[in-house]
Amino acid sequence: MPHTDFSARLIAWQHRHGRHHLPWQVREPYLVWLSEIMLQQTQVATVLDYYPRFTTRFPTVQALAAAPQDEVLSLWQGLGYYSRARNLHKAAQQVVSGFGGVFPSSRRELETLCGVGRSTAAAIAAFAFHQREAILDGNVKRVLCRVFARDGNPADKKFENQLWALAESLLPSEQENMPAYTQGLMDLGATVCKRSKPLCGKCPMAEICQAKAQNRTAVLPRKKAAVEVKTLPLYWLLLRNAEGALLLQKRPQHGIWGGLYCVPCFEKLQDLYDFAARYGMVADNLAESAALTHRLTHRLLLITPLAAKTHRPSENGSDGLWVMPQHWADYGLPKPLHDYLNQPQPALF
DNA sequence: AAGACGTGGTA
DNA sequence: TTACCAAGTCT
């Protein structure tokens with residue numbers, strides 16, 4: 001089966017059945033880049049919510065580069081993988097200071113931007129500059145593993161490289177077809193060649209699909225090894241001052257919720273007590289509420305909130321910022337804290 | 001190079 | 001309820 005058939009089938013299918021009205025389907029590199037970062041490990045429906053907030057607040061790469069990191073993270077709140085937001089901000093500054101505010105058009109140069117790996121760089125190059133570059137995301141891997149019956153361990157570097165080579169061998173010959181081809185790969189994977197119950201009856205590759213011919217669509221691609229989920233107990237100190245402000249701290253740039261704001265958070269209860277003691281608290285002053293669980297990909301967080309009110313003078317400083325409820329929304333908060341504070345009756349003093 | 005890194009959707 | 005994973009990248 002000639003590989004040229006693959007791209008022709010895909011492009012024809014994309015024109016008739018693909019998605020054409022997503023807000024980031026434009027030629028503007030800044031908008032394409034922004035959407036590609038948001039879409040990493042994130043579904044389209046979720047991004048549709050966040051994308052317009054960013055383009056409204058940051059219409060240009062210059063506007064994004066000039067913003068404080070806290071504002072970028074505040075807009076990113078709830079989207080997850082916050083290194084993407086930190087890198088987005090850094091990359092905007094790279095574009096402004098290193099490329100004169102103009103996005104580079106080659107995949108190689110795009111890959112020098114923070115948070116832009118090979119697949120994202122290729123997507124930007126293809127969509128915004130019509131470059132013949134191959135993407136290889138989850139959708140593409142699934143389509144290729146099925147159509148060409150590639151059976152390998154997804155964690156195997158050699159197998160991964162074979163898929164890259166296959167993806168490159170399938171590119172259409174004409175540059176002008178790159179946007180439709182690239183979008184077609186994503187759309188086919190997302191809407192027809194789905195993980196479970198693929199709609200082979202609607203697939204343009206049905207006649208040439210080797211997995212379908214071999215009755216192996218259910219087992220290809222192979223599953224990734226399950227990640228071990230460790231339980232991590234955390235203790236939150238919800239400390240209010242006499243005015244009703246809540247103490248928030250900016251989290252370290254690396255690690256869980258890096259760069260977001262959170263109430264003082266401790267892995268050991270004793271460390272929370274030691275911290276609270278500086279505000280005149282003893283254990284009896286702390287109101288413990290029911291633990292909440294929050295599941296990340298690799299951690300199960302077991303969070304115990306402890307609330308207290310201090311009458312000690314409170315100033316913004318090394319302990320953090322005292323923030324009144326009407327300003328909580330201005331801060332990028334971890335999802336479980338955001339939800340906790342926005343309950344009808346949060347257990348707070 | 002295996003693990004870190006969020007949240008939401010689906011079966 | 002649990003498992004799996006979604007337009008991945010970084011270290």
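Everything numeric here is computed off the predicted structure, so don't read it as measured data. Order of the sequence lines sets the chain letters (A, B, ...), proteins ahead of strands, with each chain counted from 1. Keep in mind that the numbers below use all heavy atoms, side chains included, and drop hydrogens, waters and symmetry copies.
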Gap in Å between the two C1' atoms, one belonging to C/dA7 and one to B/dA2, rounded
23 Å
Out of B/dG9, C/dA7, C/dC4, minimum distance to the side chain of A/E36 belongs to C/dA7
If you look at every strand shown and take non-hydrogen atoms under 4.0 Å, does A/G189 touch a base, only sugar-phosphate, or nothing?
nothing
First of A/K90 and A/Y81 reached from the 5' end of DNA chain C, by closest nucleotide:
A/Y81
Where the side chain of A/L296 is concerned, which of C/dA7, B/dT7, C/dC4 is the nearest nucleotide?
B/dT7
Pair of N/O donor and acceptor under 3.5 Å linking B/dG6 base with A/T297 side chain:
yes
Starting at NE2 of A/H338 and ending at C1' of B/dG8, how long is that distance when rounded to a whole Å?
15 Å
Tell me if the side-chain of A/T42 makes a donor-acceptor pair with the base of B/dG8, cut-off 3.5 Å, by modelled atom types.
no
Taking the six-membered ring of A/Y50 as reference, does the cationic atom of A/R53 (NZ for Lys, CZ for Arg) lie under 6.0 Å from its centre and within 45° of its axis?
yes
For A/H254 and B/dA4, is the shortest distance between a side-chain N/O and OP1 or OP2 below 4.0 Å?
no
Does B/dT7 have OP1 or OP2 sitting under 4.0 Å from an N or O in the side chain of A/Y82?
yes
Let me know, please, whether A/K157 or A/K230 comes out on the 5' side of the other along DNA chain B by nearest nucleotide.
A/K157
Tightest non-hydrogen contact, residues A/G115 and A/Q40, listed as O-NE2, 3.3 Å
Mind checking A/W33 for me? I need base, sugar-phosphate or nothing, with any heavy atom below 4.0 Å counting as a touch.
nothing
Phosphate-side-chain proximity, A/W257 and B/dT7, N/O vs OP1/OP2 below 4.0 Å:
yes
Reckon A/K223 touches a base, only the sugar-phosphate, or nothing at all at heavy-atom distances under 4.0 Å?
sugar-phosphate
On the nucleotide B/dG8, are OP1 or OP2 found under 4.0 Å from the side-chain N or O atoms that A/Q43 carries?
no
Both A/K224 and A/L113 contact DNA chain C. Which one's nearest nucleotide lies toward the 5' end?
A/K224
Closer than 4.0 Å, any side-chain N/O of A/R195 to the OP1 or OP2 of B/dT10?
no
May I have the distance from A/E111 (atom CD) to C/dC10 (atom P), rounded to whole angstrom?
9 Å
Which whole number of Å gives the distance between the C1' atom of C/dC4 and that of B/dG6?
15 Å
Ring centroid separation for A/F58 and A/Y30, is it under 6.0 angstrom?
no
Stacked cation flag A/R278 on A/F275, 6.0 angstrom / 45 deg:
yes
Could you report the tightest heavy-atom contact between A/V72 and A/A67, atom names first, then the distance?
CG2-CB, 4.3 Å
A/Q40 CD to C/dC10 C1', straight-line distance once rounded to whole Å
11 Å
Ring centres under 6.0 Å, that's the criterion: do A/W76 and A/F54 meet it?
yes
Is A/R86 close enough to B/dC5 that one of its side-chain N or O atoms is under 4.0 Å from OP1 or OP2 there?
no
Measure the distance from CG on A/L22 to P on C/dA7 and round it to the nearest whole Å.
12 Å
Just compare C/dG8, C/dA7, B/dG6 and give me whichever is closest to any side-chain atom of A/V44.
C/dA7
Quickly work out the A/R295 CZ to B/dA4 P distance and round it to whole Å.
13 Å
Expressed as a whole number of angstroms, how long is the span from A/M38:CE to B/dG8:P?
15 Å
Touch check for A/R299, heavy atoms < 4.0 angstrom, all strands: base, sugar-phosphate only, or nothing?
sugar-phosphate
Within the 4.0 Å heavy-atom criterion, would you say A/L79 contacts the bases, only the backbone, or no part of the nucleic acid?
base
Students often get this wrong, so: under 4.0 angstrom with heavy atoms, is A/V140 touching a base, only sugar-phosphate, or nothing?
nothing
With respect to the phosphate group of B/dG8, does any side-chain polar atom (N or O) of A/K335 fall under 4.0 Å of OP1 or OP2?
yes
Nucleotide B/dG6, atom P - distance to CZ of A/R84 in whole Å
9 Å
Report the residue (A/P334 or A/S196) whose heavy-atom-nearest nucleotide on DNA chain B is the more 5′ of the two.
A/P334
When you get a sec, tell me which of B/dG9, B/dA4, C/dA7 is the closest nucleotide to the side chain of A/H298?
B/dA4
Checking salt bridge (Lys or Arg N to Asp or Glu O under 4.0 Å) for the pair A/K212/A/E207: CA distance, chi angles, key distance, verdict?
CA-CA 9 Å; A/K212 181 173 184 296; A/E207 301 165 347; over 6 Å; no
Check every strand shown and say whether A/A226 touches a base, only sugar-phosphate, or nothing at a heavy-atom separation below 4.0 Å.
sugar-phosphate
Donor-acceptor check, side chain of A/R86 to backbone of A/G258, threshold 3.5 angstrom: yes or no?
yes
Rounding to a whole Å, what distance do you find between A/L185:CG and C/dG8:P?
13 Å
